[in-house]
Amino acid sequence: MGKHPEYKDWEEKELAASLRRFPERKKEFTNHGGEEIARLSVPDRIDDAYLENIGFPGRYPYTRGVQPTMYRGRLWTMRQYAGFSTASESNQRYRYLLDQGTTGLSIAFDLPTQIGYDSDHPMAAGEVGKVGVAIDSLADMEILFDRIPLDKVSTSMTINAPAAILLAMYVAVGEKQGVAISKLKGTIQNDILKEYVARGTYIFPPTPSLRLITDIFKWCTEHTPEFNTISISGYHIREAGSTAVQEVAFTLANGITYVQAALDAGLELDNFAPRLSFFFNASSDLLEEVSKFRAARRLWARIMKERFNAMKPESRMLRFHTQTAGYTLTAQQIDNNIVRVALQALSAVLGGTQSLHTNSRDEALSLPTEDSVRTALRTQQVIAHESGVTNSVDPLAGSYFIEELTDRIEAQASELIAKIDKAGGVVAAIEEGFIQRQIENSAYEYQQEIEKGERIIVGVNEFKIDEQKKPPLLRVNPEVEHAQVQGLRELREKRDNEKVREALADLSRSARTSSNLMPGILAAVKTYATLGEICQVLREVFGEYRG
C-alpha cells in the first residue's frame with residue numbers, strides 16, 4: 001500500500017484510533033485465518049491530483065467518506081420509517097422496532113399533519129392516520145414518545161411546511177421527560193423547496209417558508225446544537241422521476257439556496273452549516289448509486305469551500321440519510337422487492353451513508369406489516385454483520401469504473417447547477433418551471449423505456465406469473481378518524497383556552513415582524529394549541545402558496 005507520508009500519517013492516527021475506541025470490533029477486521037483485512041486501498045504513488053479528487057476518508061474533499069474510519073469505527077444508524085393510525089399504535093410499532101435492533105426512529109406523519117390541518121378539518125376527511133400518524137397537538141406527541149427516552153434515541157421527522165411546530169412539540173416532550181434541550185438528537189426534514197417541484201405538501205409561499213427555515217437554523221444553533229436543522233432531500237426528487245445526476249444537482253442547488261438564505265438572515269456560516277444534513281434515494285443501479293453518493297459528497301465540499309468559504313471541516317461535509325427507492329417496488333411478486341431493497345441498501349453502505357431506512361416488501365400495496373418491517377431491518381443487519389463490506393473503510397475506491405462515473409456525475413451535476421444559477425437561482429427556476437420540466441421529461445423517458453421493453457422490470461414486463469394468493473396487508477381501522485376527532489374535541493374542552501388565545505395572538509404579532517418565530521411557536525405548543533390553529537395564524541399572515 002501507499003508510501004506517501006499523507007497516507008502513513010492517516011493510517012497511524014486514524015485506523016489505530018479506531019481499534020482503540022472499538023476493540024470489540026477487532027475480530028471483524030480479520031479473515032478466517034486471522035490475517036488483518038486490507039483496510040484501505042491506495043496506489044503506491046499518490047500525487048496532488050489523487051489528493052484533490054479522491055484523497056482519504058475523513059479528509060477534504062470527502063469523496064471516500066466523512067469519517068476517517070467509517071464503519072470500522074461505528075455502523076450507520078439503522079432507521080425504519082414508520083407511523084400510522086394513532087399516536088398510541090405508532091408508539092407500539094416504534095418500541096417494537098427498538099426491541100428488534102433499530103438504532104434510530106424515523107417518523108411518518110399523515111397527510112393532514114403534513115399540510116397543517118387538524119384531524120377535524122374538512123380537508124382532512126378520509127386521510128386521518130392513513131399514510132402516517134396523526135398529530136394534532138402536544139398531547140398526541142406525548143403519547144407517540146411514551147416510554148421512549150429522548151436522551152437515548154435519535155429521531156428523524158419527515159415534516160416540512162409545519163416543521164417548526166413538530167420540532168417545538170418534540171422539544172416540549174423532551175422537557176416533560178426531564179431531558180435537557182441541548183441533549184436532544186435527531187433531524188427534521190424542513191426542506192420546503194423540493195415540495196414545490198416534487199411532492200406538493202407546501203403551505204406558505206417560498207419567501208416566508210425560507211424565513212421559517214432560517215428561524216429554525218438560528219434557534220437550534222443556540223438551543224439544540226446536536227439536532228440536524230434540515231435534511232435537504234433528493235429522495236422525493238428521484239421518486240418524482242429524476243435521474244441520478246438531476247437528484248444530485250437539484251438537491252445541492254436547494255442546499256445552496258438554504259445556505260444563502262441563512263447568510264442573508266445574518267447567521268454565521270460555520271455556526272449553522274455543520275448541522276445541515278441531506279437525504280438521498282438509493283435506486284437499483286448499484287454502481288451508479290455508489291458513484292452518485294461519492295460525487296455528491298465531493299461536489300458539496302467544493303461548493304462550501306469555494307463558493308461560501310466555509311472554514312470548519314464539518315461545514316464542508318455532506319452527511320446524509322438514505323432510503324431505498326419506493327418507486328422501484330412492485331405490486332407484482334412482492335418478494336422480489338426484498339432483493340431490490342438489499343441491492344439498494346448495499347449501494348448506500350458502499351457509498352458511505354450515515355443513516356439508512358430499508359423499505360418493506362409490501363409497500364407497493366399498503367403500509368408495511370410487522371413481519372415485513374422486521375425483514376427490511378434484518379436486511380441492514382445482514383449487510384452490517386455478514387457481508388464483510390464494513391471491514392474496509394471504502395472498499396470500491398480506485399475502481400476505474402467507479403472513479404470515472406463519480407467524475408462524470410459530478411461534472412454533469414455541476415453543469416445543471418450552473419444553469420440554475422444562470423436562471424436566477426432555485427426559486428426563480430421553480431417559478432419558471434425549469435426544474436419541474438427536467439424531472440417530468442426524465443420520468444416520461446423512464447416509463448417509455450419500460451413500456452417498450454427497453455428496460456426490464458422483473459415480474460412487471462418480463463418474467464411474469466399468474467399470482468392467485470394475496471399477501472396479508474396492514475389496514476388502518478376506519479374508526480381511527482372518529483377517535484382522533486373525538487380526542488381533539490375533548491382536548492379543546494379541557495385546556496386553558498384563554499392561554500391558547502393569548503399565545504396565538506402573540507405568535508401572530510411576531511409573524512408580522514422580523515422576530516424569530518420559534519419561541520412563539522413553542523409557547524403556543526405548550527398551551528396545547530393545535531397544529532391547525534398555529535398554521536392558521538401563519539396562513540393569515542403569510543398567505544398560502546397555490547402551485
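The figures here come from the full heavy-atom set of this structure, side chains too, leaving out hydrogens, waters and symmetry mates. Note that the structure is predicted; figures quoted are calculated from it, not measured.
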Kindly compute the distance separating CZ (R378) from CD (E386), expressed to the nearest 0.5 Å.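 If we round to the nearest 0.5 Å, R378:CZ and E386:CD are 11.0 Å apart.
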Name all pairs fulfilling the side chain to side chain donor-acceptor pair (under 3.5 Å) condition that reach into residues 415-426, sequence neighbours left out, sorted by first residue then second.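 Passing the test, one end in residues 415-426: R307-D421.
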Residue pairs involving residues 459-469 (criterion salt bridge (charged side-chain N to carboxylate O under 4.0 Å, His left out); sequence neighbours excluded):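 Residue pairs passing salt bridge (charged side-chain N to carboxylate O under 4.0 Å, His left out), neighbours aside: none found.
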What pairs of residues pass the salt bridge (charged side-chain N to carboxylate O under 4.0 Å, His left out) test when at least one of them lies in residues 342-368, not counting sequence neighbours?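 As it turns out, the salt bridge (charged side-chain N to carboxylate O under 4.0 Å, His left out) pairs with a partner in residues 342-368, which skip direct neighbours, are D335-R361.
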Do [X] and [Y] pair up side chain to side chain, a donor and an acceptor below 3.5 Å, judged on atom types alone?
| X | Y | value |
| --- | --- | --- |
| T369 | S372 | yes |
| S231 | Q189 | no |
| T221 | N271 | no |
| Q114 | N160 | no |
| Q80 | T358 | yes |

Ring-ring centroid check F278 W300, cutoff 6.0 Å: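 They qualify: ring centres under 6.0 Å apart.
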With sequence neighbours left out, write down each residue that passes ring-ring contact (aromatic ring centres under 6.0 Å, His included) with [X], or none if nothing qualifies.
| X | result |
| --- | --- |
| Y196 | Y202, Y545 |
| Y235 | F279 |
| F280 | F320 |
| F463 | none |

Residues in side chain to side chain donor-acceptor pair (under 3.5 Å) with [X], at least two apart?
| X | answer |
| --- | --- |
| N228 | T187, R275, R319 |
| D371 | R374 |
| T328 | Q344 |
| D264 | Q260 |

Criterion side chain to side chain contact (heavy atoms under 4.5 Å, CB included) against L396, the qualifying member of V389, T406, V290: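 Exactly one candidate clears the test, V290.
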Apply salt bridge (charged side-chain N to carboxylate O under 4.0 Å, His left out) to residues R437 and E432 and explain how you reach the verdict. CA-CA 10 Å; R437 284 195 302 275; E432 194 273 327; 3.1 Å; yes
Using the six-membered ring of Y60, assess whether NZ or CZ of K305 lies under 6.0 Å from its centre and within 45 degrees of the ring axis.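 K305 over Y60 ring: yes.
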Below 4.0 angstrom, N of the basic side chain to O of the carboxylate: do E289 and R294 qualify?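 No, this pair does not count.
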E52, CD atom: more than 12 neighbouring heavy atoms under 6.0 Å: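 Enclosed: over 12 neighbouring heavy atoms sit under 6.0 Å from CD of E52.
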Going by the ring-ring contact (aromatic ring centres under 6.0 Å, His included) test, which pairs reach into residues 394-452, not counting sequence neighbours?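 Pairs touching residues 394-452 that pass the test: Y327-Y446.
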